[in-house]
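See structure below.
Heavy atoms only: backbone and side chains are in, while hydrogens, waters and symmetry mates are out.
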Amino acid sequence: MPSVGVKLYSVFFKFLLKHRLQNRIQSEDSSSSSDPFGVTTRPEESVSPPNPLFTDGVATKDIHIDPLTSLSVRIFLPESALSPASGSHSGKSRTFNSLAGSDLLLRRNSHGSSNSLSSHKSEARRSSYVYTTSTASSSSGEEVYRGYAPSSSGKCRKLPVMLQFHGGGWVSGSNDSVANDFFCRRMAKHCDVIVLAVGYRLAPENRYPAACEDGFKVLQWLGKQANLAECNKSMGGLRRGGGGGEVKKSDASKHVVDAFGASLVEPWLASHADPSRCVLLGVSCGANIADYVSRKAIEAGQNLDPVKVVAQVLMYPFFIGTVPTQSEIKQANSYFYDKPMCILSWKLFLPEEEFSLDHPAANPLVPDRGPPLKFMPPTLTIVAEHDWMRDRAIAYSEELRKVNVDAPVLEYKDAVHEFATLDMLLRTPQAQACAEDIAIWVKKYISLRGHEFSY
């Protein structure tokens, strides 16, 4: 069973969530129309500012990528990107059970895991890049960006990309919240990937399919960035100062842009991102977005080149349906997110004329939901023992395995919904173990040939 502290915090969390949902309903009633620009965070959210320096092994920056909406991303660049490509995956070998044709439900106890992934830090790496520590103006009066800027040598290490979609029941949460920032930093370091935390538009200001379309739009933007970077590279690139420490605004005109001049080459992604190894990771309702983006990527096919979605991770998905499962019946009043409040979240998210618990965004088991399941990418599903949504997530994984998709399930004992991402629980051994387990599985699909772990 969860600890007394978790139970008490759950009571407080439910009270606060109910109050916020009611406020959302009242604010929607008083508003005559929705704003397509939307919002990606709430005033009550505690946010973490971006930091373009590798003070804790990860540098971050925020980018607003769509001029017509509030859609944004926060880039998490791990310090490992600065070291030359080497056998960085040749550490401990660990086995991940792939019980094909049998039960793939793996269970973790409440104490988590004793194994950990090593953190690769060294003074040699720290001396391999140049940055300054503030934003200032040059002698000519032009603004100068003073943070990490990739070297112009073109010998930067390429890392896979992970698109991360935060939770919050469609109506709250943000990609730059303190909790989400901590989680994304952890994933960037454990998985050795560049994380793009997506700031999608929230409901009820923007209902379905806004948040889901925002997720796919980021995937398209990633592909555009890769193509712009390649064009920029073929045209000689952007002239930079020695050491790559400063980029002047006047030099921006030398970037390749799209037809409307709206997309400059993003230097961190141009230098370090390998979009052909892209992983989607969704938390709670973010898992629903990740699954939607996976299906849209299948439909897009080669139009997304060079982006390739090689795997997805669904962390306690926000699935529901008209016909209740056993866990929905027995644990409807479970910790943090109980069923009545989740139904209220769905009412705020789905358009009134489309509201149904069997909506394709809500129930993954409804027929004719999209591309055949056999085309879905390998899918790791994380579920918690004390989460009423767990059975439907497990059932979806079973359907994927029936068509030979690698779709294991990790169930964590004594765990609750958002046990690895909620602010209070982020530093627990179980949350740490979950991050390690995700990293082990993900590296099966993102490791370069010759550096794979043993599975």
Side-chain angles (χ1 to χ4, degrees), residues 1-2 6-26 28 105 165-173 202-204 207-208 211-212 282-292 314-352 354-366 369 381-399 409 411-425:
M1 293 292 292
V6 170
K7 292 178 180 179
L8 291 175
Y9 186 64
S10 174
V11 174
F12 171 75
F13 183 91
K14 284 184 178 182
F15 174 81
L16 193 61
L17 179 61
K18 183 178 181 180
H19 177 70
R20 289 176 178 176
L21 290 174
Q22 289 173 341
N23 284 344
R24 296 283 84 80
I25 293 174
Q26 292 173 0
E28 184 190 28
L105 185 62
F165 306 97
H166 65 81
W170 303 117
V171 300
S172 62
L202 301 176
R207 293 175 177 258
Y208 176 86
C212 299
V283 175
S284 190
C285 65
N288 299 49
I289 299 177
D291 194 62
Y292 174 95
L314 309 181
M315 299 183 69
Y316 19 84
F318 209 63
F319 294 151
I320 197 170
T322 302
V323 180
T325 63
Q326 285 297 311
S327 62
E328 290 174 6
I329 295 173
K330 295 180 179 179
Q331 303 185 54
N333 194 35
S334 59
Y335 304 96
F336 296 100
Y337 291 90
D338 59 34
K339 189 173 182 179
M341 279 192 289
C342 289
I343 291 177
L344 184 56
S345 294
W346 279 107
K347 288 182 178 179
L348 288 169
F349 175 64
L350 295 174
E352 291 183 16
E354 295 183 33
F355 178 75
S356 169
L357 297 184
D358 285 331
H359 189 282
N363 189 353
L365 303 178
V366 295
R369 188 165 171 261
T381 303
I382 305 293
V383 295
E385 181 182 12
H386 299 289
D387 181 4
W388 64 268
M389 292 176 266
R390 59 184 289 278
D391 281 0
R392 200 172 300 273
I394 294 172
Y396 180 47
S397 181
E398 290 173 349
E399 292 300 312
V409 176
E411 181 181 10
Y412 291 75
K413 288 182 65 63
D414 298 328
V416 297
H417 191 81
E418 289 222 45
F419 73 91
T421 46
L422 203 62
D423 50 2
M424 178 191 179
L425 305 174

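The backbone N or O of M341 lies less than 3.5 Å from a partner atom in the side chain of S345, making a donor-acceptor pair. Checked by atom type and distance alone, the side chain of E385 pairs as donor or acceptor with a backbone atom of D414 at under 3.5 Å.
With rounding to the nearest 0.5 Å, the separation of CZ in R392 from CZ in F318 is 13.0 Å. Atoms CZ and CG, from F349 and L344 in turn, are 14.0 Å apart once rounded to the nearest 0.5 Å. Atom CG in D338 sits 5.0 Å away from atom CG in N333 (nearest 0.5 Å). Atom CH2 of residue W388 and atom OG1 of residue T325 lie 8.0 Å apart, to the nearest 0.5 angstrom.
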Evaluation steps, side chain to side chain contact (heavy atoms under 4.5 Å, CB included), between Y292 and Y208: CA-CA 12 Å; Y292 174 95; Y208 176 86; 4.1 Å; yes
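Inter-residue side-chain proximity for E418 and F336 is flagged as unmet; no heavy-atom pair is nearer than 4.5 Å. Using a 4.5 Å heavy-atom cutoff, the side chains of R390 and Q331 are in contact. Looking at Y316 and M389, their side chains never come closer than 4.5 Å, going by heavy atoms from C-beta outward. Annotation: side chain of F319 is not in contact with side chain of I394 (no heavy-atom distance under 4.5 Å). Within the 4.5 Å cutoff, the side chain of L365 has heavy atoms near those of the Y396 side chain. No side-chain heavy atom of P364 sits less than 4.5 Å from a side-chain heavy atom of E399. Residues H359 and W346 form no side-chain contact, since every pair of their non-hydrogen atoms from C-beta on lies 4.5 Å or further apart. W170 places a side-chain heavy atom less than 4.5 Å from the side chain of I289.
Classified by interplanar angle (parallel below 30°, tilted 30° to 60°, perpendicular above 60°), the ring pair Y337/H417 is perpendicular.
The two residues A362 and S356 make their nearest non-hydrogen contact at CB-O, 4.5 Å. When all heavy atoms of R207 and L350 are compared, the closest pair comes out as NH1-O, 2.5 Å. For A393 against V383, the heavy-atom pair with the smallest separation is CB-CG1, 3.9 Å. Between V6 and M424, the closest heavy-atom pair is N-CE, 4.0 Å. Here the closest non-hydrogen pair linking C285 and G169 is SG-N, 3.6 Å. Considering every non-hydrogen atom in both L425 and F419, the closest pair reads CB-O, 3.3 Å.
D391 is linked by a salt bridge (charged side-chain N to carboxylate O under 4.0 Å, His left out) to nothing, counting only residues two or more places apart in sequence or in another chain.
Partner of P317 under the side chain to side chain contact (heavy atoms under 4.5 Å, CB included) criterion, out of D291, D387, T381: T381 alone.
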